[in-house]
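These notes are about the structure you will find just below.
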Protein chains: 2
Amino acid sequence: MAQEGGFRAGLEDVVAGTSAICYLDGARGVLAYQGLDIHELARGASFEETCYLLWHGRLPDRAALGDLQSELAAARALPEPVLRLMRSLPASNGMDALRTLTSALAHTDADAGDASPKANYRKAVRLTGQIASLVATHGRLNAGGGPIQPDPALGHAANFLYMLTGDRPGALAARAFDVALVLHADHELSASTFAARVSAATLSDVHSAIVAAIGTLKGPLHGGANADVMRLLIELGEDATPERVEEAIRAKLARQVKIPGFGHRVYRTEDPRATHLRQMSRELGEKAGHPGWFRVSQQIERIVKDEKGLNANVDFYSASVYYTLGIPIDLYTPIFAVSRVAGWTAHVLEQYANNRLIRPRAEYIGPPYPQTFVPLDRR
Amino acid sequence: MAQEGGFRAGLEDVVAGTSAICYLDGARGVLAYQGLDIHELARGASFEETCYLLWHGRLPDRAALGDLQSELAAARALPEPVLRLMRSLPASNGMDALRTLTSALAHTDADAGDASPKANYRKAVRLTGQIASLVATHGRLNAGGGPIQPDPALGHAANFLYMLTGDRPGALAARAFDVALVLHADHELSASTFAARVSAATLSDVHSAIVAAIGTLKGPLHGGANADVMRLLIELGEDATPERVEEAIRAKLARQVKIPGFGHRVYRTEDPRATHLRQMSRELGEKAGHPGWFRVSQQIERIVKDEKGLNANVDFYSASVYYTLGIPIDLYTPIFAVSRVAGWTAHVLEQYANNRLIRPRAEYIGPPYPQTFVPLDRR
């Protein structure tokens, strides 16, 4: 379908380069970071261990993990000029704010102007800590609250929820969010990651590449579907009867309305990330006394699979997971960045290590060359 | 040379999509916007006419040009919050500042949140006006001066020089800078333009795409070579004897030191833009009583052509042109953005008009899947 005039539209299935970070087999439904299956990581690794894996190519031992936890925790306190800028921004799309504020972090970075591999690694760690704080604090301010100081005793996931809500999360909530971060941390050359690599391939700096990625993630064809899923769930209602769900979804499908959270360019099977988010959606819903979101979600999933043959993707069950965790819908895409910054930076470091400018060509379809130039006074 | 394992490293010569904007024939040394040869445009069109051509696919008549001039002039006054932010940024790389400030422009944009074609076109025009003001005003502040109010009676090029220097430029200087803007306005899928299209292809907004492009242009493999050329010229000195130039350049070549401003991934001939910049370098140098920069440049060009078979590219003579115009070296890359924003926005509008997500694949070269997961307490 994507074939036009000898090239693949949207570079679909075109290999743009090599990478050791993410193994993705869309036909078999396999996602693995550095060869480690996402199911094993979701069950057994924290987000911090996953970051280390993406950046170093292996899981950390206790000492290495402890060092990374300290470095991430140290990055949680935002620079004062960036906090001031956050307060001065007009209330706006969270991704606009994240893009501007992440760009501003470059101006105060301790390694600004140093493009050595060690400095670039420190920037990767620092940005991963800072972006979580940016999203949580911006979420607080948007909700009318004040910033919460980070708690160095908490892990990355739990601290994020604490800085966002002001409450230290319970074990299940912290673990659910941690798993969500692990699942979203990398996905090979997703559009945002590819944008980061295109930027880095000019030997631009880490901050520029991550800012490019944030602006790319902002697009509704990339991030954002889980927010649409949640709006759909709310439209139906957590207490919707099976008949009501059936009728509403089939009516939408009959009107060719796209149901968000289904299908993926790469996967021809179930998105392996959906498996874990589905399970967490059920567990969190039951624990919170709101099992309806999961029940309605599951019914939608069955109808869409039945009618369209489409599988739920990562966005479908993350909607009810985040909602049950008390995360505002506006933050669903920024939260994607909180996790994916680990993968973005891993890809940027990999790009620097074996760089070549990424500069494709376009097939020209404009007026035949040469056109006759007519001066202004004769037009 | 770029062939590795069945793909083209850096997507060299890979067609990523169609475009009607720029015709580029590297073998014959042809550059044309919408089929109009760059030599004709450099001789006969202003930057404003070129913007209209890139955005609309045809040159404007007087009425259409007048409207566009008014719209661009109206965009020159920067929003107060963005000016405040500019003053509060630590002294820093001009591209960092331009990236942060352009991102911040999104927050106050009159069409924020409106993604209709008309709103996107207005954003293209507005950003083209605003980015010139950002670069000129940031240059003023960095030099210790105060902002200069734009002069609506001046064209885009002349107004930029006025806002940067505080002096209304003479006819030759204004025309030279106008030609430089025309020559840099588009170059098909250069890395920054491609980054903008990758971002826009998720249906992210115009500002996000342009911010991605700015961060990509920042890399020394894309923008920046003309600053290195100027540093080389200053190292040699405007009064360097032919013997001194000969000795210094041959010594660098013998030590495998890259001489900046030569060669291009696409052109196998002379870069057609170099032709005009060479001529302006000579004219401006003579008029300013500083013919040495051109003389030394010309000698370097002959030696590098002779020794390496490489042709001067767009960056080689723009160095001495900008220097003679009194533009600080730090601004050479930001000035590239002042011009290229026209092409970036044209490509973004074209991407929206016939969109498909740009999402290639990577060839996996990491540890074989599946690796055995070892829990933390056994690592």
Side-chain angles (χ1 to χ4, degrees), chain A residues 7 9-11 13-20 23 32 34-37 40 44 61 89-90 92 96 99-100 103-104 106-107 188-189 191 194-195 198-199 202-204 208 211-212 215-216 218-222 265 356-367 369-371 373 375 379, chain B residues 7 9-11 13-20 23 32 34-37 40 44 61 89-90 92 96 99-100 103-104 106-107 188-189 191 194-195 198-199 202-204 208 211-212 215-216 218-222 265 356-367 369-371 373 375 379:
Chain A
F7 70 93
L11 293 176
D13 295 327
V14 171
V15 174
T18 59
S19 177
Y23 175 69
Q34 296 278 353
L36 281 159
D37 196 281
E40 303 250 32
D61 60 21
L89 291 177
S92 58
D96 280 338
R99 189 190 61 228
T100 300
S103 183
H107 300 268
E188 202 221 41
L189 297 187
F194 186 52
V198 171
S199 179
T202 67
L203 298 182
S204 192
S208 289
V211 169
T216 305
K218 187 188 169 194
L221 298 190
H222 189 343
R265 183 184 281 193
R356 188 166 168 78
L357 183 73
I358 300 174
R359 200 282 184 218
R361 298 297 309 269
E363 180 181 307
Y364 181 67
I365 56 166
Y369 171 82
Q371 293 289 300
F373 180 80
R379 272 176 227 149
Chain B
F7 70 94
L11 294 176
D13 295 328
V14 171
V15 174
T18 58
S19 177
Y23 175 70
Q34 296 277 355
L36 281 160
D37 196 280
E40 304 250 33
D61 60 19
L89 290 178
S92 59
D96 280 338
R99 189 190 61 227
T100 301
S103 183
H107 300 269
E188 202 220 41
L189 296 187
F194 187 52
V198 170
S199 180
T202 67
L203 297 182
S204 192
S208 288
V211 169
T216 305
K218 187 189 168 193
L221 298 190
H222 189 344
R265 183 183 281 192
R356 186 164 171 80
L357 183 72
I358 299 174
R359 199 285 184 217
R361 296 299 309 270
E363 180 181 307
Y364 181 66
I365 55 166
Y369 171 82
Q371 293 290 299
F373 180 80
R379 273 175 227 151

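What you see is a predicted model; the values in this text were computed from it and never measured.
Heavy-atom distances place the side chain of A:Arg265, and not its backbone, under 4.5 Å from chain B. Of the atoms belonging to A:Pro375, not a single heavy atom falls under 4.5 Å from chain B. Within the 4.5 angstrom heavy-atom criterion, atoms from both the backbone and the side chain of A:Leu36 approach chain B. Using a 4.5 Å cut-off between heavy atoms, A:Val211 touches chain B through its side chain atoms alone.
Contact tally against chain B (heavy-atom pairs below 4.5 Å) for A:Pro220, A:Ala106, A:Ser103: the top residue is A:Ser103. Across B:Gln34, B:Arg99, B:Glu40, the residue that shares the most heavy-atom pairs under 4.5 angstrom with chain A is B:Arg99. Ranked by heavy-atom pairs under 4.5 Å with chain B, the list A:Ser208, A:Gly17, A:Ser204, A:Pro360 is led by A:Pro360. Looking only at heavy-atom pairs under 4.5 Å with chain A, the residue among B:Ile358, B:Asp13, B:Ile365, B:Asp96 that has the most is B:Ile365. With chain B as partner, the option from A:Gly215, A:Ala191, A:Ala16, A:Ser19 having the largest number of non-hydrogen pairs under 4.5 angstrom is A:Ser19. Chain B forms the most heavy-atom pairs under 4.5 Å with one residue out of A:Gly366, A:Ala212, A:Gly35, and that residue is A:Gly35. Interface remark: of the candidates A:Pro367, A:Ala195, A:Ala104, A:Pro370, A:Pro367 forms the most heavy-atom pairs closer than 4.5 Å to chain B.
The shortest heavy-atom contact between A:Arg379 and B:Asp61 is CB-CA, 4.2 Å. Counting all heavy atoms, side chain and backbone alike, B:Ala362 lies closest to A:Glu188 at N-OE2, 3.1 Å. Nearest heavy-atom pair, B:Gly10 versus A:Arg356, reported as atom, atom and distance to 0.1 Å: N-CD, 4.2 Å.
Between the side chain of A:Arg359 and the main chain of B:Leu189, a donor-acceptor pair closer than 3.5 Å is present.
Atom NZ in A:Lys218 sits 9.5 Å away from atom OG1 in B:Thr202 (nearest 0.5 Å).
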* After noting the C-alpha distance and the side-chain angles of B:Phe194 and B:Thr216, does the key distance pass the side chain to side chain contact (heavy atoms under 4.5 Å, CB included) rule? -> CA-CA 9 Å; B:Phe194 187 52; B:Thr216 305; over 6 Å; no

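Looking at A:Phe7 and B:Val14, their side chains never come closer than 4.5 Å, going by heavy atoms from C-beta outward.
Ring geometry for A:Tyr23 versus B:Tyr369: interplanar angle under 30°, hence parallel rather than tilted (30 to 60°).
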